[in-house]
Amino acid sequence: MMDAIVVNSVSKSYGKVQALSDVSFSVGKGEVFGLIGPDGAGKTSMFRILCSLLLPDAGTATVDGYDVVKQMREVRRRTGYMPGKFSLYQDLTIEENLKFFATLFGTTVDEGYDTIKAIYSQIERFKDRKAGALSGGMKQKLALSCALVHQPSVLFLDEPTTGVDPVSRKELWEMLLSLKESGITIVASTPYLDEVRCCERVAFLDQGKVRGIGTPDDILTQFASIFNPPGIEHGKDTEVKDDNVIEVEHLVKAFGDFHAVDDISFNVKRGEIFGFLGANGAGKTTAMHMLTGLNQPTSGTGRVVGFDIRTEYEQIKKHIGYMSQRFSLYEDLTVAENIRLFAGIYGMDADEVERKMDEVLKQLKFEDHKNDLVGSLPLGWKQKLAFSVSIFHDPGVVFLDEPTGGVDPATRRQFWELIYDAAHRGITIFVTTHYMDEAEYCDRISIMVDGKISALGTPDELKQRLHQPDMDHVFTYLARQATRSSD
Amino acid sequence: MTLKHLIRKEFLQIRRNSFLPKLIVMFPIVVMCLMPWVMQMDVKNVVVDVVDIDHTVESQRLVQQIAASNYFIFGGQKDTYAEAMKDIEKGSADIILEIRDGQYLIAANAVNGTKGSMGSVYLSQIVSAPFSASSAISVLTLYNKQQDYKLFMIPALFAIVMMLMTGFLPTLNIVGEKEAGTIEQINVTPVSKWSFILAKLIPYWLIALFVITVCLLLAWIVYGITPAGPLWLIYVLAMLLALFFSSFGLIVSNYSDTMQQAMFVMWFFVVCIMLLSGLFTPTRSMPEWAYMTTYINPMRYFIDAIRTIFIRGGGLYETAHQVLALAGIGALMGCWAVQSYKKNS
Amino acid sequence: MKQFIAFVIKETKHILRDKRTMLILFGMPVVMMLLFGFAITTDVKNVRTAVVTSEMSPRTQQAVERLAQSEYFIITQTVNTPQEAERLIRRQKADMALVFTQNRGMQIMVDGSDPNMAQQWTTYARQTLSPVNFHLSPVNSRLLYNPQMKSAYNFVPAIMGMLLMLICAMMTSISIVREKEKGTMEVLLVSPVRPLMVIIAKAVPYLVLAFGILISILLMSRYVLGVPIAGPLFWILAVSTLYILLALSLGLLISNVAQTQLVALLMSAMVLLMPVVMLSGMIFPVESMPQVLQWLAALVPPRYYIQAMRKLMIMGVGIREVAHEVAVMAGMTVVLLAIALKKFNVRLE
């Protein structure tokens with residue numbers, strides 16, 4: 001069998017930073033190959049070199065037998081690429097985006113429709129909506145549709161499922177595996193273990209070096225400490241009090257005649273870890289925006305830490321912490337400066353801030369990076385820092401909107417240790433996530449489907465009630481009942 | 001208290017930026033050193049072609065006078081009017097002086113109306129000097145006795161520098177936070193609208209203070225021009241103008257989604273405000289409708305006031321009207337800026 | 001070809017969807033034309049004049065009436081001493097004062113802040129006041145091309161030069177850099193489409209837009225401002241096309257250098273806008289500048305375009321007379337385009 005991709009001792013550095021050093025691997029024709037590794041391991045640089053977008057400093061690479069340096073045009077004719085930060089054209093509609101990319105790749109939407117049907121059919125109903133108005137996961141689905149509408153002989157996908165809900169991720173991988181049957185070679189990177197297992201072989205990259213290549217099971221066992229950290233024990237000793245921190249009744253948010261959040265009611269008790277789950281576009285972020293006082297509800301009532309979300313939202317803001325989907329600390333400020341800023345905003349005393357900052361940084365093992373610019377930190381670190389900042393002022397409740405998107409398993413585990421620690425101190429946690437293992441960590445979860453809450457209870461209760469073996473199946477079972485997919 | 005932290009943040013961000021500190025220092029310097037030389041509206045170096053058909057002693061003397069004048073450059077003798085016209089069409093001459101039978105014809109290229117008419121007036125003064133009895137009317141020029149155009153333009157340059165620095169930078173700042181997503185994080189904190197907006201404005205006022213100081217120093221060092229009126233009043237005016245433009249910039253950015261949009265909208269208004277302020281051409285020459293708009297144009301009050309202080313040596317008494325108007329408009333814009341910033345939609 | 005058309009359509013949609021920018025793009029020419037055509041003038045009118053006299057005699061009466069009857073001056077106040085008049089001028093209540101002295105003399109006291117206007121005011125005042133009959137003078141003045149001295153004649157070509165440069169260079173550079181910033185450029189580069197085609201397809205809608213604006217400026221100047229189009233229309237359009245190409249190449253060059261929209265914006269503003277307004281002879285005549293600046297001005301492309309348009313449109317000369325300007329612009333286009341294409345990155349970094 002001829003190899004579709006051969007990489008031979010490729011090195012690449014940006015100034016002093018060595019992104020790739022002496023990387024070699026090969027991918028057979030029609031193989032599904034995974035590139036895995038923590039953030040900053042050099043995966044994106046590898047993809048770019050293979051797409052002929054970057055020149056390697058040393059070594060050679062061929063794609064479909066063509067050299068990526070010398071035969072750029074041949075390579076580009078044969079490859080499809082979906083970059084990690086692919087963001088489409090915000091001011092074009094879904095359909096226009098898809099049509100444009102189809103034409104760009106010399107095909108039409110009709111021709112490619114079968115390939116992308118599984119994913120595109122979920123957003124097709126909203127084809128006249130502008131891409132800029134879509135939620136993160138929906139955008140990702142559209143981007144995937146655009147990248148897959150043609151059938152290249154080699155397909156490169158750089159973390160294609162960040163922010164996509166589990167059901168859609170499954171559908172995507174089913175789709176990819178069917179593409180493989182038509183002989184397409186696929187190279188994908190992903191932080192999700194279930195996706196890693198879908199690959200035939202994976203290469204584990206760390207700090208620009210290949211640490212191991214083999215079947216997913218081999219690699220995952222070999223590097224179990226990184227990929228499969230032992231689950232954390234939820235110390236049930238945290239006291240869940242009986243008073244409600246969040247009370248929501250018949251909450252509705254309508255945009256025109258579209259009800260993004262459609263009559264939801266629930267309570268969250270003090271000290272609880274409340275998982276707020278739902279497919280992309282089910283209305284999670286909208287609901288969270290109303291609870292944090294960023295948006296006014298259309299109708300219904302809600303109280304957070306005892307204040308009305310409609311009228312006393314400025315009061316609420318004094319007693320909550322918030323970490324948004326997008327990383328939102330100031331990248332051009334240092335770690336310490338960010339902490340001082342946000343602590344200062346909440347009116348904390350300067351001496352106390354310094355004392356507590358040292359404590360927090362020690363806990364995060366960040367002491368050496370106190371004066372580093374936040375922009376220079378790896379993603380996982382940033383997320384941990386953002387969380388620590390959001391609970392720095394000891395709020396009554398903290399809202400976390402997909403805090404672990406795109407983060408590797410080991411870092412996610414550390415993140416949840418931080419969450420447990422905060423819950424232990426009596427901070428109520430309100431969290432959304434697409435990782436079902438994380439859902440199991442929650443005290444109670446709700447699952448939103450089409451703007452409504454279709455299930456609410458402890459993870460065990462839900463599994464029993466719906467007769468499903470684990471949360472993954474619970475979620476799939478409920479989400480498949482959805483009739484719409486949009487926010 | 002929170003204000004202090006927010007302001008510190010703004011300064012840190014400005015300092016960290018690789019471009020802004022350089023811009024803040026270099027921009028006023030470059031503008032003050034270059035622009036006064038560019039902004040010369042006075043008519044100079046007008047090229048005169050002479051078509052001398054008479055060839056008298058008189059006409060010879062005239063040519064010498066033209067060549068000696070500050071205003072004119074002698075473009076050459078041409079045999080016929082048509083030949084001289086060629087020069088005009090090519091753009092190598094501006095005025096033709098034809099001398100025939102003791103009559104003088106001055107034909108000026110008036111595409112640029114000011115240049116054409118002023119040139120022909122100057123030229124006709126030279127030509128007709130021997131014929132007109134010396135006028136009984138004397139002229140006393142007040143204030144700008146050397147007729148130095150730089151003295152007229154330098155206060156206006158202050159206005160331009162202030163406008164660009166305090167108008168555009170805050171605009172880019174807020175839209176930048178919107179695009180980066182950090183504004184959402186700020187919106188869920190209990191920061192009051194006032195402190196957030198003030199924290200955005202105060203750094204630019206301090207920058208404005210710095211910039212105006214640099215401008216004043218440069219005007220003194222490079223051009224030897226110092227204000228005839230009180231210095232403190234110039235600072236007051238500068239602060240009021242900064243208040244207006246920074247508030248205006250924030251308003252534009254509050255209503256814009258992208259940097260491009262904000263820049264275009266800003267640019268549009270800035271051009272209108274600048275052109276209708278009397279900075280380049282007198283407000284009084286404008287038609288009625290255009291003149292009416294100057295009543296709400298803060299730049300007009302600033303220009304009027306700063307020229308009164310700088311050139312005419314006026315003080316607070318002479319400029320009270322402008323200072324009040326500027327303060328009023330500035331305060332109004334400040335309130336609007338706070339009002340238009342929405343923490344909850 | 002199909003890809004090319006799809007590209008152009010996509011780019012057109014980007015432009016059309018951004019309503020606010022569109023409004024500015026088309027509103028700008030209209031407002032600029034109105035402002036420059038009507039509001040930005042140095043006409044002498046409404047000059048507020050104070051009269052300084054201790055008592056009204058028939059002689060003073062006559063002089064004052066002459067001024068008051070002229071369209072240029074309005075008599076605002078009568079005061080007793082020159083000091084009072086000076087205070088009025090300082091407070092911006094008057095621009096000029098007519099002082100009658102004891103010994104039958106007259107003096108014009110003028111606010112010299114603006115040397116140009118002061119000069120014009122005194123000239124007009126003298127002419128109005130002096131009894132000399134100008135018909136007897138052997139001097140005969142004629143103002144060519146623009147006898148009414150309308151400022152629009154001067155500014156219309158300048159506005160064309162500025163706006164075309166702004167739209168073509170700034171908008172194309174920003175739209176290319178935006179794709180870089182958003183990550184879509186990576187996909188476009190990896191697609192089978194030739195990079196050159198991406199660039200050409202990006203330029204086409206802006207070319208059309210520029211033409212639309214050019215035509216609307218010409219129509220406005222002809223029918224609203226009453227500026228005649230004296231020269232051959234064909235050459236006006238041909239030279240404009242050359243200039244648009246020049247501007248597009250400049251935009252392309254900026255997009256190669258700039259990595260973020262902000263940098264592209266600032267570069268366009270500093271490299272394009274400032275020099276265009278200041279050094280192109282649009283407002284300030286290049287001849288009055290010091291030599292060094294004149295050399296610098298020689299590098300500013302709109303300078304040549306504005307000069308060529310003034311000649312073609314207003315003076316109505318033939319293409320032969322603007323050969324020099326056209327040659328310089330053509331040379332600049334070739335050089336800029338060559339550099340831009342050579343520097344165009346088919347890879348990242």
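Below, chain A is the first sequence line, B the second, and so on; all start at residue 1. Everything quoted here is computed from the prediction, not taken from an experiment.
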Q) Which bit of A:Phe342 is near chain B, if near means a heavy-atom gap under 4.5 Å: side chain, backbone, both or neither? A) side chain

Q.
So that I can tick it off, tell me whether A:Lys356 and A:Asp394 are bridged by a salt bridge, with the cut-off set at under 4.0 angstrom between side-chain N and carboxylate O.
A. yes

Q. So, B:Lys178 and B:Glu184, do they make that salt bridge, N to O below 4.0 Å?
A. no

Q.
With a 4.5 angstrom heavy-atom cut-off, is it the side chain or the backbone of A:Glu337 that approaches chain B, or both, or neither?
A. side chain

Q. Measuring heavy-atom distances to chain B, does A:Leu329 have an atom under 4.5 Å in its side chain, in its backbone, in both, or in neither?
A. backbone

(Q) Would you say the ring centers of A:Phe387 and A:Phe415 fall short of 6.0 Å from each other? (A) yes

Q. Which answer fits A:His289, side chain, backbone, both or neither, if we ask what part of it has an atom under 4.5 Å from a heavy atom of chain B?
A. side chain

**Q.** Donor + acceptor pair across side chains of B:Gln185, B:Thr182 (<3.5 Å)
**A.** no

Q. Quick one: what part of A:Ser390 sits under 4.5 Å from any heavy atom of chain B, side chain, backbone, both or neither?
A. neither

Q: Answer with side chain, backbone, both or neither: which region of A:Tyr313 has an atom nearer than 4.5 Å to a non-hydrogen atom of chain B?
A: side chain

(Q) Check for me whether A:Arg129 meets the cation-pi criterion with A:Phe258, that is, NZ or CZ under 6.0 Å from the six-membered ring centre and within 45 degrees of the ring axis. (A) yes

